[in-house]
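Please read the structure below before turning to the comments.
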Amino acid sequence: MPTVLLSALIATKNNENDKYIDICKKAEEENKIKPNVPETSIDKLQRVWNEIFPQRKLIIEDSKFYATFLKNGAVEKYSANQMSDGERAVLYLASQVLCVPENKILVMDEPEIHLHRSIMNRLWIALEKAREDCLFIYITHDTQFAALHSHADKIW
């Protein structure tokens, strides 16, 4: 997985945090109530990951991405470069989608690529939910995947 993408996701989170701090400072200056803490792009990534892999948790430590799981009652972790192909694909695709600026059109060519059918549909549903501001266009040969999106327009 390109580290540039994960760096971009961390930079996006830092920008989101900076924006929130600026809003809080302004609220303090104007003697107003501070807003609630917003969900960052990293929070969204972790939520999507946990929907796809409930037995694994995604953590970020010192700008490095790890998956954790319980083994004999102890928490074990492994780095992104030790993840399975499917885990890396989810991390990559979710990061790509979450780094896109607001209100964009996302064209996903073969969204099923490198994903097991058991997680493919859950991933794209979770990403559509995380990015309701964006329009998703899928180019796929998988008619079952297309049929799952019953609310969507289909072009054959």
Side-chain angles (χ1 to χ4, degrees), residues 1-71 73-84 86-109 111-112 114-116 118-138 145 148-153:
M1 162 169 304
T3 56
V4 171
L5 178 59
L6 297 179
S7 297
L9 194 62
I10 290 169
T12 300
K13 177 191 175 235
N14 290 339
N15 289 340
E16 293 163 343
N17 286 342
D18 289 346
K19 182 178 177 182
Y20 175 70
I21 289 170
D22 290 342
I23 292 169
C24 287
K25 286 178 181 178
K26 185 175 180 185
E28 278 182 11
E29 290 170 4
E30 296 174 358
N31 219 11
K32 292 183 179 177
I33 297 174
K34 294 178 189 171
N36 292 332
V37 177
E39 184 178 46
T40 67
S41 53
I42 296 287
D43 296 330
K44 289 177 185 177
L45 175 64
Q46 289 173 313
R47 182 170 37 83
V48 167
W49 176 274
N50 293 339
E51 287 180 37
I52 308 307
F53 302 113
Q55 73 284 6
R56 304 270 193 256
K57 299 296 178 210
L58 182 68
I59 60 171
I60 294 89
E61 292 178 351
D62 195 28
S63 299
K64 292 182 178 75
F65 290 71
Y66 299 94
T68 66
F69 63 99
L70 284 177
K71 182 178 179 182
V75 175
E76 299 277 335
K77 75 178 181 180
Y78 54 97
S79 67
N81 63 359
Q82 296 172 310
M83 291 178 181
S84 70
E87 289 171 325
R88 277 196 307 270
V90 166
L91 185 59
Y92 175 77
L93 292 168
S95 297
Q96 281 271 358
V97 168
L98 295 171
C99 281
V100 171
E102 289 183 353
N103 302 311
K104 297 297 179 186
I105 297 173
L106 303 174
V107 178
M108 310 310 297
D109 188 17
E112 64 275 3
H114 300 298
L115 293 173
H116 190 274
S118 65
I119 64 171
M120 175 183 64
N121 293 326
R122 288 184 301 165
L123 172 64
W124 292 109
I125 289 169
L127 289 173
E128 287 176 24
K129 195 167 104 180
R131 293 304 309 265
E132 290 179 340
D133 60 302
C134 292
L135 172 65
F136 286 75
I137 297 174
Y138 298 104
F145 178 80
L148 175 74
H149 292 81
S150 59
H151 64 283
D153 292 334

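All heavy atoms count here, side chains included; hydrogens, waters and symmetry mates do not.
- Using a 4.5 Å heavy-atom cutoff, the side chains of K25 and E30 are not in contact.
- Taking the six-membered ring for Trp and thresholds of 30 and 60 degrees, F136 and Y138 have nearly parallel ring planes, at less than 30 degrees apart.
- A heavy-atom distance below 4.5 Å is found between the side chains of S95 and L45.
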Dump the intermediate steps for side-chain contact (heavy atoms from CB on, under 4.5 Å) on I125 and L148, then the final yes or no. CA-CA 9 Å; I125 289 169; L148 175 74; 3.6 Å; yes

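- Shown here for W49 and R56, the closest heavy-atom pair between the two residues is NE1-O, 3.6 Å.
- Taking the side chain as every heavy atom from C-beta outward, L91 and R88 never approach each other to under 4.5 Å.
- With salt bridges taken as basic N to acidic carboxylate O contacts below 4.0 Å, none links R122 and E51.
- Annotation for N36: atom CG does not count as buried by contact number, only 12 or fewer foreign heavy atoms lying within 6.0 Å.
- Atom NZ of K13 has 12 or fewer heavy atoms from other residues, nucleotides or ligands within 6.0 Å.
- Looking only at side-chain heavy atoms (C-beta outward), L6 and Y92 stay at 4.5 Å or farther from each other.
- Formation of a donor-acceptor pair under 3.5 Å by the D43 side chain with backbone atoms of T40 is found in this model.
- Using modelled atom types, one side-chain atom of Q82 and one backbone atom of S79 make a donor-acceptor pair closer than 3.5 Å.
- Between atom CZ of residue R47 and atom CD1 of residue I52 there is a gap of 11.0 Å, rounded to the nearest 0.5 Å.
- For the atom pair CG (D109) and CD1 (I137), the distance works out to 12.0 Å, reported to the nearest 0.5 Å.
- Here the CD1 atom belonging to I33 is positioned 13.0 Å from the CD atom belonging to E28, to the nearest 0.5 angstrom.
- With contacts defined as side-chain heavy-atom distances shorter than 4.5 Å, the pair E61/K77 qualifies.
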Verdict with reasoning, Q46 to I60, per side-chain contact (heavy atoms from CB on, under 4.5 Å): CA-CA 9 Å; Q46 289 173 313; I60 294 89; 3.7 Å; yes

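- Side chain to side chain, T68 and E76 fail the donor-acceptor criterion of an N or O pair below 3.5 Å.
- Of all heavy-atom pairs between N50 and L58, the closest is OD1-N, 4.0 Å.
- Here the side chains of M120 and P111 are not in contact, with every heavy-atom distance at 4.5 Å or above.
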Check the pair F145 / W124 against side-chain contact (heavy atoms from CB on, under 4.5 Å), numbers first and verdict last. CA-CA 10 Å; F145 178 80; W124 292 109; 3.7 Å; yes

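- Going from atom CG of L93 over to atom NE2 of H114 covers 9.0 Å, rounded to the nearest 0.5 Å.
- Nearest heavy atoms, Y20 versus P38: CD1-CD, 3.4 Å.
- Here K64 contributes atom NZ and I59 contributes atom CD1; the two are 12.5 Å apart, rounded to the nearest 0.5 Å.
- Taking all atoms of both residues into account, the shortest heavy-atom contact from T12 to C99 is OG1-SG, 4.3 Å.
- Looking at N81 and F65, their side chains never come closer than 4.5 Å, going by heavy atoms from C-beta outward.
- The shortest side-chain heavy-atom distance between E87 and Y78 falls under the 4.5 Å cut-off.
- Residues V48 and A130 share a closest heavy-atom pair of CG2-CB, 4.2 Å.
- Here E112 contributes atom CD and I119 contributes atom CD1; the two are 12.5 Å apart, rounded to the nearest 0.5 Å.
- Scanning all heavy atoms of the two residues, the minimum distance from A89 to L115 falls at CB-CD2, 3.7 Å.
- The pair E102-R131 fails the salt-bridge criterion, with no side-chain N (NZ, NE, NH1 or NH2) lying under 4.0 Å from an Asp/Glu carboxylate O.
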